[in-house]
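Note on naming: letters A, B, ... go to the chains in the order of the sequence lines (proteins, then strands), and numbering restarts at 1 for each one.
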Amino acid sequence: MIVMSFEWKEIEEKWRREWEKARIFEADPDPKREKCFVTFPYPYMNGPLHLGHGFTATRVDVYARYKRMRGFNTLFPWAWHWTGEPIVGAALRVKSGDKEIIRALKEIDGVPEEELKKFVDPVYMARYYTSEGKEAVKKIGFSIDWRREFHTTSLEPTYSRFIEWQYETLRKKGYVVKGTHPVVWCPHCKSPTGDHDRLEGEGVSAEEYTLLKFQFDDAYLPAATFRPETIYGVTNMFLNPDATYVEAMVDGEKWIISKEAALKLSEQLKRVKVLREFKGSELIGKYFVDPISKRKLPILPGWFVDPESATGVVYSVPAHAPADWIAIKDLVNKPDVLRRFGIDPEVVKSIKPISLIEVDGYGEYPAVEIVEKMGIKDQFDPRVDEATSIIYRKEFHTGILKPITGKYAGKRVQDVKSELIEDFKEAGIADSMYDLPEKVVCRCTTRCIVKVLSDQWFLRYSDPDWKQLAHEAIDRAKIYPEAARAYFHDKIDWLHDWACARRTGLGTPLPWSPGWIVETLSDSTIYMAFYTIVKHIRKHDIRAEQLTNEVFDYIFFGEGDPEKLAEASGIDAEVLEEMRREFTYWYPVDLRVSAKELVPNHLSFFIFQHTALFPRELWPRAIGVNGMLAIEGKKMSKSKGNFLTLSNAIDKFGADVTRLTLMLGAEDMDDPDWRVENARSIDSKLRGLYRFINEIIGLRGDSEEKSIDRWLMSAIQGRIRVVTEAIENLKTRTAAEVALFEVWNDIRWYLRRAESPNPKTLKEAVEIWIRLLAPFTPYLCEELWHLLKKGEFVSTAEWPSYDESKIDVKAEESENMIRDLMADTGSIIEVTKMTPKKICYYVASGWKWKAYLEMMRKSLSAKVEMGAIMRELMKAPDLRKEAKRVSAYVGKTLQEINTMSVDQKKRRLEAGELNEKALLNEAKRFLEREFKAEILIYSEDDPQRYDPKKRASLAKPYRPAIYIE
RNA sequence: GCGGGGGUGUCCGAGUGGUCAAAGGAGGCAGGCUUAGGACCUGCUGGCGUAGGCCUGCGCGGGUUCGAACCCCGUCCCCCGCACCA
């Protein structure tokens, strides 16, 4: 009696131990074997691994296990990312007793109380999650070579040395340069305020305003705008009478700006010296000069002007800015207000909008039109913003500049905008500043500003030559799915210089600039190279200081003489040579997989840096991109409380169930959705599979090979081909689906169909089946495999090869014929509502087959016409004898032939004439069982046939005629 | 707004010009097996139909074609990313 049930934990632990004992996932260079080097981006250790990590990494592991079975020397290493600020930030929050984070650590991450206390130390925290993470990775059964494990930062000195070498090399090659950069900045914390450090203003980033410098006596009024082209339509200025303005020297010029603006500009690398403060009202009613037209224009009161926004100086273009038009209209209606500021109401009344942009669907003054159309009453109407945005978008995208704009006339706004800004700056009438379009508040409750950092170190991802190389690397690589290729190209073009050093957090200090550390996305770009040598560093106890730049130059670039390097570094020449050999053996990376969110950053950086540092033959060979995991239909998030750690999932469902459920969730860039219900169903499927295979293994004996045996082996070959191709292209869902369900259905059909199932056929099928499933559910397959073959791992068994010789088109087409016939029979029974006692089948006679195949042959090259085909067919004497019936048959069959797909025609031609009578006789008892009726089989011309309704002549190839009573 | 992906039957999800009323799975219904079953097996799961057929149908509206879920144009909607951060 075979045991028909099992405990996941038991078999998983058993096989994990066996694998570790046999060291089957430890891979060393073997020049005789082709290698395969796959990687998963090391996870950041500020928390436990979650199911999303599990999803992506399982895809890597499936590929790795498959390749290993294909005979590749396969290396799948693992490491841990500690670089960055969040771990330090979290430790600080624990230290300060932040309730929110403590609750999250306890409830979501499951950190025990006594451990939690130690989390005030960020390094302890990282170590804790690393060791928890490693347990989870082992439990889920990834085929990792753990000898190559490491973590990042200066706490792993040899890795740190590797990063130093990388950055010194990049700098030497001119890829790292010094520059300036605007960041959202907290004046209190004196540090950049990232999205996660904000109370308010998530997603808000610095925007660059153009400042147009209008003349006012010996000073300038720098008005801020995103639409500098509208200077041609300026009619007046607005200042807030109640706001505080200053006169300040800014880089040697006298500017009039809001008090707040002066502070902001001083943080943007401008020398600012405030001369005096005054209320805006002081300037209301005075005149300024437009630098383009030299017209003198009035300064009007505008309470809507926000001194917190940019310079607090606003110029007015009523033709194209709804807010400006409304503000003027409001003033016209309040002559007393104007008089209070000493302004003659006639001055405002006489302001005429000046049109400068021609735009479809609007007349001279789009702003005036939209205000009227929307019925906006005054400047306090909330729809002013909406109107502004509609006009702005429309004019930017489709607007054509009018003659008043001089050299820009006739061009589209969006095409000349940047040129125009350059020109204005050149002419000294424009400048720029950064500001935030919305309020941003730091976690410390201070309002943030934009600061331009100097002395910043940048990776020059904006460099066109470097971009070119990155594009080339993408073009040379395989990208799964292919649709992601365009995404990469787009993101490579879009990337600009990347500030690659930070002041705070864990990491590797920038070697030439103390006080800076290499930023987290920048120290994780070529570390896969480190996997190839870290094993030797450990084995030979090599210290960081021995790993000089020259040593790395030798290992990774092949530069220098190992003997001399040995002397200088104290590392044996043989060891150096071995490391060099190991690097060149494993490199390049054959596959790297991540979720699509990493395309614009990590994966693109990975590509960029490989092209900067390595020759083309060492550029990555393939990149896989996948979707992002949702839990029960919702995006996974700690704050929403639907966060599922990898470890929890495995404990609850087992490793194989977790893996297979994930793999069946989605492929390509689709987002998989984890549902407990699915996992449960997969669990019961796998238990069923276990019983099913056990029963098959228990079968004894042998019997003769029938058409249905050939059918099963042929069908299984098709499954092998599909699964193999799918995994090759990282279509892991398709592969899992076919390997599990389609193969199962094939075998099920075989068992139902075959009079007496042939154990030999079944065992062959099962051996293939287990191996096809092994990359997905390695533990269960290992268990099953050992029931078949003692002492051999399925993990290292040979992948089933597609055997062309076992493809039997005739057997497959025969089976299709029988299935179709059963469906037709069933349909008749259903419609007529009879309970059949007797079912008669009449198979088509030889001449029909001859005509049918001939028509198909002809139709491969051209459409078959009645006349031509009849002339052709009449050449054969046996058909000529039946000319009348042939002609009727051909007429009826013509359309079927002409609309059949080429593929199908080829299959049927290859199958040739089926001996339908023999096939049906072979299936007779099966059909009788299925329909619970007597089955009678005749040739249509059989004079002995029972055919009371004269249906026999309806027989066609592949469609025997049917009579039921 | 820009860029990428997508809208298919109750649900998830295949499907890129004819083999498509549309794979596979889930759910539902019916039957079988069984002491019982949330285990297993079989069938059904758009509508109509007393003979293997017909009609409707793949976000919406047009078009190309002998023929369209698949190609073209327009349109609406959904998801993801948009930077100093893992």
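Across all strands, A:R752 comes closer than 4.0 Å only to sugar-phosphate atoms, never to a base (heavy-atom distances). Among the heavy atoms of the strands lying under 4.0 Å from A:N601 is at least one base atom, whether or not backbone atoms are also near. Counting non-hydrogen atoms under 4.0 angstrom, A:N898 reaches nothing in the nucleic acid. No contact: A:L740 has no heavy atom under 4.0 Å from any strand. A:T825 comes within 4.0 angstrom of no nucleic acid atom, judged by non-hydrogen atoms across all strands. Across all strands, A:T899 comes closer than 4.0 Å to base atoms (heavy-atom distances). Counting any heavy atom pair closer than 4.0 Å across all strands shown, A:K635 reaches sugar-phosphate atoms only and no base atom. Using a 4.0 Å heavy-atom criterion, one finds that A:I829 contacts no nucleic acid atom at all. When heavy atoms are screened at a 4.0 angstrom cut-off, A:I964 is found touching base atoms of the nucleic acid. A:A486 comes within 4.0 angstrom of nothing in the nucleic acid, heavy atoms only. Counting non-hydrogen atoms under 4.0 angstrom, A:P960 reaches a base of the nucleic acid. When heavy atoms are screened at a 4.0 angstrom cut-off, A:E85 is found touching the sugar-phosphate backbone but no base atom.
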Pairs under 3.5 angstrom, nitrogen or oxygen only, protein versus nucleotides 29-40 of chain B, please.
from  : atom 1 : to     : atom 2 : distance (Å)
B:A39 : O2'    : A:R691 : NH2    : 2.9

List every contact pair, protein side and nucleotides 48-50 of chain B side both N or O, where the distance is under 3.5 Å.
from  : atom 1 : to     : atom 2 : distance (Å)
B:U50 : O4'    : A:V831 : O      : 3.3

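Of the candidates B:A83, B:A26, B:G25, the closest approach to any side-chain atom of A:F741 belongs to B:G25. When distances are taken from the side chain of A:R951 to each of B:G25, B:U19, B:G52, the shortest belongs to B:G52.
Aromatic ring pairs are classed by plane angle as parallel below 30°, tilted from 30° to 60° and perpendicular above 60°; the pair A:F40 and A:H53 is perpendicular.
With values rounded to the nearest 0.5 angstrom, A:I839 atom CD1 is found 9.5 Å from A:L936 atom CG.
Between A:Y842 and A:L954, the closest side-chain pair of non-hydrogen atoms is not below 4.5 Å. Residues A:Y434 and A:E207 are not in side-chain contact: their nearest non-hydrogen atoms beyond the backbone lie 4.5 Å or more apart.
Aromatic ring centres of A:H81 and A:H151 lie farther apart than the 6.0 Å criterion allows. Here A:Y461 and A:H496 keep their ring centres 6.0 angstrom or further from each other.
B:U10 sits 26 Å from B:G32 when the C1' atoms are compared, rounded to a whole Å.
In this structure, A:R227 is not positioned above the aromatic face of A:Y392 in the sense of NZ or CZ being under 6.0 Å from the six-membered ring centre and within 45° of the axis.
Atoms OH (A:Y487) and P (B:G5) sit 10 Å apart, rounded to a whole Å.
Salt bridge status for A:K837 with A:E965: absent, with no side-chain N to carboxylate O gap under 4.0 Å.
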Report the C-alpha separation of A:K596 and A:D671 in whole Å, then their side-chain angles, then the decisive distance to 0.1 Å, and conclude whether the salt bridge (Lys or Arg N to Asp or Glu O under 4.0 Å) test is met. CA-CA 10 Å; A:K596 57 191 170 188; A:D671 300 325; 3.2 Å; yes

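The base of B:G3 has none of its N or O atoms less than 3.5 Å from a complementary donor or acceptor on the side chain of A:D490.
Among residue pairs with one or both ends in residues 79-90 of chain A, none qualify as salt bridge (charged side-chain N to carboxylate O under 4.0 Å, His left out); sequence neighbours excluded.
Between the side-chain ring of A:W494 and the base of B:A83, a stacking contact exists by the 5.5 Å and 30° definition.
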